[in-house]
Amino acid sequence: MADQDPNQPTYSIGEVRERTGLSSRQIRYYEAMGLIESLRTNGKHRRFTEEMIDRLLTIKELLKEKSSIEAVRQALQQPGAGQSGLQKKTPALPRYPQMSRQGLTSLYPVSNRADLLAMIQWLEGQKKMKTNQDP
DNA sequence: ATTCTCACA
DNA sequence: TGTGAGTA
């Protein structure tokens, strides 16, 4: 029972960009808007933990429903907004938020690839949890 | 090569 | 938001 590494892996903005499908511009912008915080390396280069990436993913989905930064910020302040509500305790059954709603029909659009990636990662998280209480 | 900040089409 | 300039 020791899965708390002292050094949680961090990612460059470039990796975060590929994993979230967000542009570096957007990532920096959301940070400037106070929607997300980031770590800084020796220089000034941003560094993101998986929690932050998770939050970014939440922001991305939230921006589709809400259409203003303000609305997203408030939704984020409420508990269970991805950061600690996504893979902490999931009483409900596995159902990916935005995806299952419209369905994935093509992998061509870059944004879809990012969404698929996010969904897979989310699925992996569910699997890891299940593997501990497998009947 | 990659990211950073700032500013402008 | 994207993109280019000039750095670190």
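Values below: every heavy atom of this structure, side chains too, minus hydrogens, waters and symmetry copies.
Rounded to whole Å, atom C1' of dT1(C) lies 13 Å from atom CE of Met33(A). Between the CZ atom of Arg46(A) and the P atom of dT3(B) there is a distance of 11 Å, given to the nearest Å. Rounding to whole angstrom units, CD of residue Gln26(A) and C1' of dT3(B) are separated by 17 Å. Put simply, NZ on Lys44(A) is 12 Å from C1' on dT3(B), counting in whole angstrom units. dT5(B) atom P lies 13 Å from atom CD1 of Ile27(A), rounded to whole Å.
The side chain of Arg28(A) places no N or O atom within less than 4.0 Å of a non-bridging phosphate oxygen (OP1 or OP2) of dG2(C).
Base pairing of dT2(B): its partner is dA8(C), meeting the Watson-Crick or G-U wobble criterion (both donor-acceptor distances under 3.5 Å). The pairing partner recorded for dT1(C) is none, the criterion being a Watson-Crick or G-U wobble arrangement whose two distances lie under 3.5 angstrom.
Residue Ser23(A) is in sugar-phosphate contact alone, with no base atom involved, counting any heavy-atom pair closer than 4.0 Å across all strands shown. Residue Ser12(A) is in sugar-phosphate contact alone, with no base atom involved, counting any heavy-atom pair closer than 4.0 Å across all strands shown. Within 4.0 Å (heavy atoms only), Tyr11(A) reaches no atom of the nucleic acid at all. Contacts of Arg47(A) with the nucleic acid, taken as non-hydrogen atoms under 4.0 Å apart, are absent. Residue-level contact check: Gly43(A) touches neither bases nor backbone, having no heavy atom under 4.0 Å from any strand.
By the 4.5 Å heavy-atom criterion applied to side chains, Met33(A) and Arg28(A) are not counted as neighbours.
The residue among Arg17(A) and Arg25(A) whose nearest nucleotide of DNA chain B is located toward the 5' end is Arg17(A).
Defined by atom type and a distance below 3.5 Å, a donor-acceptor pair is missing between the side-chain atoms of Tyr11(A) and Arg47(A).
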